[in-house]
Every structure is written in structure tokens, then in C-alpha cells.
Amino acid sequence: MTNAEEHDRNHFECLVDKTEATYVVDRGYFDYKVLNRLHNEGYFFVTRTKCNTKLTVLSQIEVADPKKQ
């Protein structure tokens, strides 16, 4: 990837090269502006949030209890 003197995050957009794919990324790549722009271009991401992330619940989906089925 790099010579370890530069963070891989600086080359993140070179690694993400297929739209409609879902990328699992470490929190070290967590950058709202970059992830939002790429998401708007058709990329999808799964990452753990940072402890100071402010979230707003937009909607909830009820999940059936598997023990009752």
C-alpha cells in the first residue's frame, strides 16, 4: 500500500473503485465528508462509529422475535 510514513487514509479513494459494492472500513478511514460524497456517488460503507458521533434515528424497522415463531 504505502511506505508506512503516510496514512492509508490519504489513498482511500484509490482503494474504493466499484460502485454498488459495500466496503467494510476501519474507523481510521472515518471521514464524514469523504464517505458522504462517495455514498452519493453509489458506494456503500459499513464502519463502527466513533464514540463522539451524534446520531439521529430517521426510522425504525420492527424485527420479529425469532423465539415466538
Side-chain angles (χ1 to χ4, degrees):
M1 305 278 295
T2 66
N3 60 10
E5 293 178 11
E6 186 176 359
H7 197 286
D8 291 341
R9 181 182 189 178
N10 298 333
H11 302 283
F12 180 59
E13 294 178 65
C14 297
L15 302 172
V16 177
D17 61 352
K18 294 186 191 248
T19 57
E20 299 182 10
T22 301
Y23 295 88
V24 179
V25 296
D26 185 76
R27 285 186 288 191
Y29 293 97
F30 201 84
D31 180 319
Y32 286 115
K33 290 180 183 178
V34 171
L35 293 180
N36 188 52
R37 183 174 53 75
L38 291 171
H39 174 72
N40 289 334
E41 293 174 5
Y43 299 86
F44 299 93
F45 300 91
V46 175
T47 185
R48 294 185 306 160
T49 57
K50 293 185 177 183
C51 63
N52 62 348
T53 301
K54 295 182 181 181
L55 301 172
T56 301
V57 176
L58 301 177
S59 65
Q60 293 185 8
I61 300 172
E62 284 194 40
V63 177
D65 186 349
K67 296 176 186 175
K68 294 182 180 181
Q69 295 182 358

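A search for side chain to side chain contact (heavy atoms under 4.5 Å, CB included) contacts involving T22 returns F44, V46, not counting sequence neighbours. In this structure E20 satisfies the side chain to side chain contact (heavy atoms under 4.5 Å, CB included) test with no other residue, sequence neighbours excluded. In terms of the side chain to side chain contact (heavy atoms under 4.5 Å, CB included) criterion, residue partners of K18 (sequence neighbours excluded) are, by chain and number, A21, Y23.
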Going by atom type alone, with no hydrogens or angles, which donor-acceptor pairs under 3.5 Å involve a side-chain atom of residues 57-64 and a protein atom two or more places apart or on another chain?
none

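To the nearest 0.5 Å, atoms CG (N36) and CD (E41) are separated by 10.0 Å. How far CG of L35 is from OG1 of T47: 7.5 Å, rounded to the nearest 0.5 Å.
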